[in-house]
Amino acid sequence: MPRDEARIAAFDVIRAVDERDAYANLLLPRILRDRGIRGRDAALATELAYGTLRGLGTYDAIIETCTDRAPDPDVRDALRLGAHQLLRMRVPPHAAVGTTVDLVRLRVGPGPAKFANAVLRRIASRTIEEWVPIVAPDAATDPVGHLAVAHAHPRWIVSAFRDALGGDAELPGLLDADNARPLVTLVARPGRSSVKELEEAGATPGRYSPYAAYLREGDPGQIEAVADTRAAVQDEASQLVALALTRVPLDDADAAAGGERWLDMCAGPGGKAGLLDAIATYGAGGPAGFPGGARLLAADVQFHRARLVWQTTRRADVITADGTEPAWRPGVFDRVMLDAPCTGLGALRRRPEARWRRDPSAIAELGRLQRRLLGAALDAVRPGGVVAYVTCSPHLAETRVVVGDVLARRGDAEQLDARAYLPEADGLGDGPHAQFWPHRHGTDAMFLAILRKRRP
Ligand SMILES: C[S@@+](CC[C@H](N)C(=O)[O-])C[C@H]1O[C@@H](n2cnc3c(N)ncnc32)[C@H](O)[C@@H]1O
């Protein structure tokens with residue numbers, strides 16, 4: 001019988017994530033390439049690995065109900081993989097059970113295979129709709145706990161999303177959007193590529209960003225414009241927050257004199273810097289857009305991430321520097337992008353295991369760093385200049401609270417209505433900040449606040 005390469009690959013990825021904190025989105029492509037797994041088998045391995053990792057919380061609750069002793073970690077990983085096939089994929093039960101038992105026999109041994117067989121049969125006795133009321137807290141008395149198990153998210157993340165959304169109504173939609181594979185979105189960097197060029201390579205125009213194109217199938221790395229950094233993979237909200245910064249008018253004498261100076265303070269790996277570099281050089285390409293002729297300095301505290309920025313930009317100056325101990329003179333920049341280090345809770349759909357790894361205790365420390373960086377960004381910008389504070393997280397403690405605290409502490413900045421610079425998108429919230437959402441916009445949950453430094 002031929003070896004079930006797709007399931008073996010998925011199992012090996014799940015084991016590596018569990019055992020040594022590997023990143024599935026880095027490891028899986030390597031395993032597929034090294035083992036020559038392509039086409040439908042590669043697609044199956046991806047769905048098995050990513051789907052299982054996303055659903056861990058739900059599957060573990062069900063496995064616990066179906067066992068009288070805790071399984072060894074390798075057996076538990078196989079049971080999780082089997083549970084995903086039984087409960088969320090259209091794999092016939094006999095095939096899901098049989099292939100998982102074979103996998104346990106191959107990778108662990110014959111004794112555990114018998115045990116796995118018994119547990120999987122119990123799991124297969126109910127559908128996911130029947131299991132959830134059994135293993136999840138009651139929805140009426142503990143709605144957050146219920147959603148956490150039903151939609152496979154840690155409870156603290158569901159709570160944080162509920163706070164950021166301001167209620168329960170949209171929560172199931174948001175959690176479902178996190179569980180779906182995101183579209184691959186490309187950016188055609190203006191002056192260097194065009195949406196038309198990406199369309200010719202098989203993509204379709206994006207919904208919001210004038211530079212976006214969706215790639216429904218195929219490897220983006222094979223597209224010529226992507227291979228030579230004229231285009232790139234970039235979430236549409238990421239494109240829009242960078243564009244928004246360049247749209248804020250600086251209608252005063254300082255801006256008119258000579259070209260503008262821009263700073264991207266936390267630039268690695270260079271998604272936003274790549275777009276800002278192209279707009280700085282060639283202009284935004286639209287009637288109201290920035291006309292070009294600016295100079296971008298891109299910095300990151302980590303050398304290897306600064307290197308990635310250097311590889312993806314053309315004209316920008318790129319340095320390794322700590323934004324909290326600036327390597328630049330204060331008050332010299334017209335526009336500053338601060339895409340702050342954050343929990344990344346807005347991009348959970350991209351990294352299947354990330355939700356189970358994030359630790360709420362990191363928020364306090366990140367919050368201190370975010371406040372210091374935002375203070376430093378305001379120091380770096382000249383009076384009349386603007387700062388974009390961006391996070392790929394909707395968590396209030398990383399977004400509104402940080403901006404509110406920094407504004408309250410210093411009297412030299414005011415918040416603009418960021419939504420005014422994002423006319424393409426609605427549903428961005430009550431302002432003055434803008435909050436994108438996966439379930440509303442099909443983008444990451446990106447947050448943008450725009451601050452203007454007051455004149456003395
Ligand atoms: C959210 S990522 C930026 C993503 C990037 N703007 C993009 O679009 O590709 C945050 C970055 O901040 C960097 N960073 C963290 N602390 C920093 C500091 N004190 N100064 C400068 N960069 C820092 C991290 O190395 C990381 O690359």
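Read the numbers this way: they start at 1 and go in the same order the structure lists the ligands and their atoms.
Below 30°, between 30° and 60°, or above 60°: for His395 and Trp156 the angle between ring planes is between 30° and 60°, a tilted geometry.
In terms of protein heavy-atom proximity, atom 22 (N) of ligand 1 is nearest to Val301 N, 3.3 Å. Nearest to atom 12 (O) of ligand 1 among the protein's heavy atoms is Cys266 CB, 3.2 Å. Scanning the protein heavy atoms around atom 25 (O) of ligand 1, the nearest turns out to be Asp300 OD1, 2.7 Å. For atom 15 (C) of ligand 1, the closest non-hydrogen atom of the protein is Pro341 CG, 3.5 Å. Closest to atom 6 (N) of ligand 1 among all protein heavy atoms lies Asp339 OD2, 2.7 Å.
Distances between N or O atoms of Asp264 and those of ligand 1 include no value under 3.5 Å. At under 3.5 Å, not a single nitrogen or oxygen of Ala273, backbone or side chain, sits near a nitrogen or oxygen of ligand 1. When only interatomic distances are considered, the shortest N/O to N/O separation between Ala299 and ligand 1 does not fall below 3.5 Å. Considering backbone and side-chain N/O of Thr324, none are found under 3.5 Å from N/O of ligand 1. When only interatomic distances are considered, the shortest N/O to N/O separation between Leu373 and ligand 1 does not fall below 3.5 Å. Of the N or O atoms in Leu369, none lie within a sub-3.5 Å distance of an N or O in ligand 1.
With a 4.0 Å heavy-atom cut-off, ligand 1 is reached by the backbone of Met265 but not by any atom from C-beta on. Contacts of Arg305 with ligand 1, taken as heavy-atom pairs under 4.0 Å, involve the side chain alone.
Trp262 and Phe290 have their aromatic ring centers within a separation under 6.0 angstrom.
Arg7 and Gln85 share a donor-acceptor pair across their side chains, judged by distance under 3.5 Å alone. Side chains of Glu398 and Thr343: a donor on one and an acceptor on the other come within 3.5 Å. With 3.5 Å as the limit, one finds no donor-acceptor pair spanning the side chains of Arg88 and Asn179. Under 3.5 Å, the side chains of Glu170 and His439 contain a donor-acceptor pair of N or O atoms.
Not a single heavy atom of Ser238 lies less than 4.0 angstrom from ligand 1. Look at Ala267 and you'll find a heavy atom under 4.0 Å from some atom of ligand 1. The closest approach between Ala340 and ligand 1 falls below 4.0 Å for a heavy atom of the residue.
Residue Ala321 has at least one heavy-atom neighbour below 4.0 Å for each of these atoms of ligand 1: 20 (N), 21 (C). Set against the non-hydrogen atoms of Asp322, the atoms of ligand 1 under 4.0 Å away are 18 (C), 19 (N), 20 (N). Heavy-atom contacts of Gly323 reach the following atoms of ligand 1: 18 (C), 19 (N), 20 (N), 21 (C) (cutoff under 4.0 Å). Near Pro269, meaning under 4.0 Å from one of its heavy atoms, ligand 1 places the atoms 9 (O). Under a 4.0 Å criterion applied to the non-hydrogen atoms of Lys272, ligand 1 contributes the atoms 7 (C), 8 (O).
When side chains are defined from C-beta on, Lys272 does not count as touching Gln239, because their heavy atoms never get closer than 4.5 Å.
Of the charged side-chain nitrogens involved, at least one lies within less than 4.0 Å of a carboxylate oxygen, so that Asp235 and Arg350 count as a salt-bridged pair. Arg76 and Asp18 are joined by a salt bridge, as a carboxylate oxygen and a charged side-chain nitrogen come within less than 4.0 angstrom of each other. The residues Arg15 and Asp77 are annotated as salt-bridged, a charged nitrogen and a carboxylate oxygen being separated by less than 4.0 angstrom. Between Arg230 and Glu197, at least one side-chain N (NZ, or NE/NH1/NH2) sits under 4.0 Å from a carboxylate O, which counts as a salt bridge.
Note that the CG atom of Leu448 and the CG atom of Leu422 stand 6.0 Å from one another [nearest 0.5 Å]. Within the model, atoms NE2 of His433 and OG1 of Thr391 stand 10.0 Å from one another, a figure rounded to the nearest 0.5 Å.
For atom 2 (S) of ligand 1, the choice among Gly271, Gly274, Gly268 with the nearest heavy atom turns out to be Gly268.
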